[in-house]
Amino acid sequence: KHRLKEVHEKTKGELFTVEYPSGSTTPTQIELLLEDLKVHEGFIPDVVLIDYLTLLRSDTIKSFNSLYSFGKVIAEEVRGIASKFNIPIISSVQTNRTGFRNQEDIELSDIADSFAIAQTADWSCGVVQSEDMDQKNKYLFKLLKTRYSVFIKGINRFFVGVDKHLQRLINLD
């Protein structure tokens, strides 16, 4: 409690968390939560983080023929909420087997389950860590896709320091 109080005193803003069991939450439930916060608490978050996009379930389509279709529907439903509230929604997905084996680099095609997730996303960044990077406490971040025309020559790949014990990312510059 003491440490949380110290962090709270040093930071601006608020953190609001909600935990749902895997596979039980739909994008509509997230939308209703945002509506509820807007009406009852008087604010809309600056950003929403969803731990693993593919742990959501759709309430508009009950069955899917493929993981591609599932990923497409979930990504589109979440993107719709982001557009409605004009906020970024950030989530993560795992890599496929090829991406998992390649710890030096990552490509857009390494996204697991559904390439439609990559097609729907406005911005995608891959994060990898080889054994050498692990020993140097670094992650490689690589910009995989953007709709925002912000590819700056030479800056689509960068290293970030990591303190795993404190779960912190560190700017190496």
Side-chain angles (χ1 to χ4, degrees), residues 13 15-23 25-27 30-31 34 45-58 64-173:
L15 176 65
F16 182 82
T17 61
V18 178
E19 185 174 352
Y20 298 102
S22 297
T25 307
T26 67
I30 294 169
E31 181 178 4
L34 292 173
D46 293 327
V47 65
V48 172
L49 303 173
I50 299 173
D51 183 22
Y52 285 116
L53 186 69
T54 53
L55 291 181
L56 296 176
R57 66 177 174 83
S58 174
F64 296 93
N65 295 341
S66 67
L67 289 174
Y68 178 90
S69 299
F70 171 74
K72 179 175 175 53
V73 168
I74 294 296
E76 288 175 352
E77 289 177 5
V78 169
R79 188 173 187 273
I81 296 167
S83 296
K84 178 180 178 178
F85 288 92
N86 194 29
I87 57 173
I89 297 181
I90 300 171
S91 189
S92 59
V93 294
Q94 293 185 4
T95 60
N96 56 25
R97 288 184 188 114
T98 304
F100 183 76
R101 282 191 293 264
N102 185 1
Q103 297 178 353
E104 298 289 330
D105 199 3
I106 191 166
E107 299 296 332
L108 203 56
S109 59
D110 292 327
I111 291 175
D113 300 334
S114 176
F115 192 68
I117 294 170
Q119 293 170 319
T120 304
D122 291 324
W123 186 89
S124 293
C125 178
V127 182
V128 294
Q129 186 179 52
S130 66
E131 287 183 28
D132 182 55
M133 287 182 245
D134 184 35
Q135 291 175 358
K136 294 177 181 176
N137 297 315
K138 291 181 180 180
Y139 287 136
L140 170 65
F141 280 67
K142 180 181 177 185
L143 183 59
L144 301 175
K145 174 189 176 182
T146 182
R147 295 187 199 271
Y148 303 115
S149 301
V150 293
F151 271 109
I152 300 169
K153 192 171 186 172
I155 305 185
N156 62 342
R157 301 168 62 96
F158 55 93
F159 288 97
V160 173
V162 59
D163 182 336
K164 290 183 181 177
H165 179 70
L166 296 175
Q167 296 185 5
R168 289 193 179 153
L169 297 179
I170 302 159
N171 184 346
L172 294 176
D173 292 337

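We count residues from 1, following the sequence as given. Computed from a prediction, not measured in an experiment: that's the story for all the values here.
Using a 4.5 Å cut-off on side-chain heavy atoms (C-beta onward), Q94 and T54 make no contact. Side-chain atoms of Q129 and V127, non-hydrogen and from C-beta on, never get closer than 4.5 Å to each other. Residues D105 and R157 have side chains in contact (heavy-atom distance under 4.5 Å, counting atoms from C-beta outward). Between I87 and L34 there is a side-chain heavy-atom pair separated by less than 4.5 Å. Between L108 and F115, the closest side-chain pair of non-hydrogen atoms falls below 4.5 Å. With a 4.5 Å cut-off on side-chain heavy atoms, V128 and T95 do not count as touching. Contact check for I90 versus W123: no side-chain heavy atoms found under the 4.5 Å cut-off. I30 has its side chain within reach of L56: a pair of non-hydrogen atoms, C-beta onward, lies under 4.5 Å apart.
Minimum heavy-atom separation, L53 to I74: O-CG2, 3.6 Å. The two residues D46 and P88 make their nearest non-hydrogen contact at O-CD, 3.3 Å. Between F70 and R57, the shortest heavy-atom contact is CE1-CA, 4.4 Å. Taking both residues in full, the closest heavy atoms of D122 and R79 are given as OD1-NH2, 2.8 Å, listed atom of the first, atom of the second, then distance. G161 approaches L172 most closely through the heavy-atom pair N-CG, 3.4 Å. For I50 against S91, the heavy-atom pair with the smallest separation is O-OG, 2.7 Å.
Residue D163 qualifies as enclosed at atom CG: its count of foreign heavy atoms under 6.0 Å is above 12.
With rounding to the nearest 0.5 Å, the separation of OG1 in T98 from CD1 in I106 is 11.0 Å. Put simply, OG on S124 and NZ on K142 are 12.0 Å apart, with the number rounded to the nearest 0.5 Å. The distance from atom NZ of K138 to atom CG of L169, rounded to the nearest 0.5 Å, is 14.0 Å. Put simply, OH on Y20 and CG on L55 are 14.0 Å apart, with the number rounded to the nearest 0.5 Å. Taking NZ from K72 and OG from S58, the interatomic distance works out to 12.5 Å, rounded to the nearest 0.5 Å. Expressed to the nearest 0.5 Å, how far CG of N137 lies from NZ of K164 amounts to 7.5 Å.
K145 places a side-chain N or O within donor-acceptor distance of the main-chain N or O of Q119, the cut-off being under 3.5 Å.
The residue from I81, V78, T26 that alone fulfils the side chain to side chain contact (heavy atoms under 4.5 Å, CB included) condition with E31 is I81.
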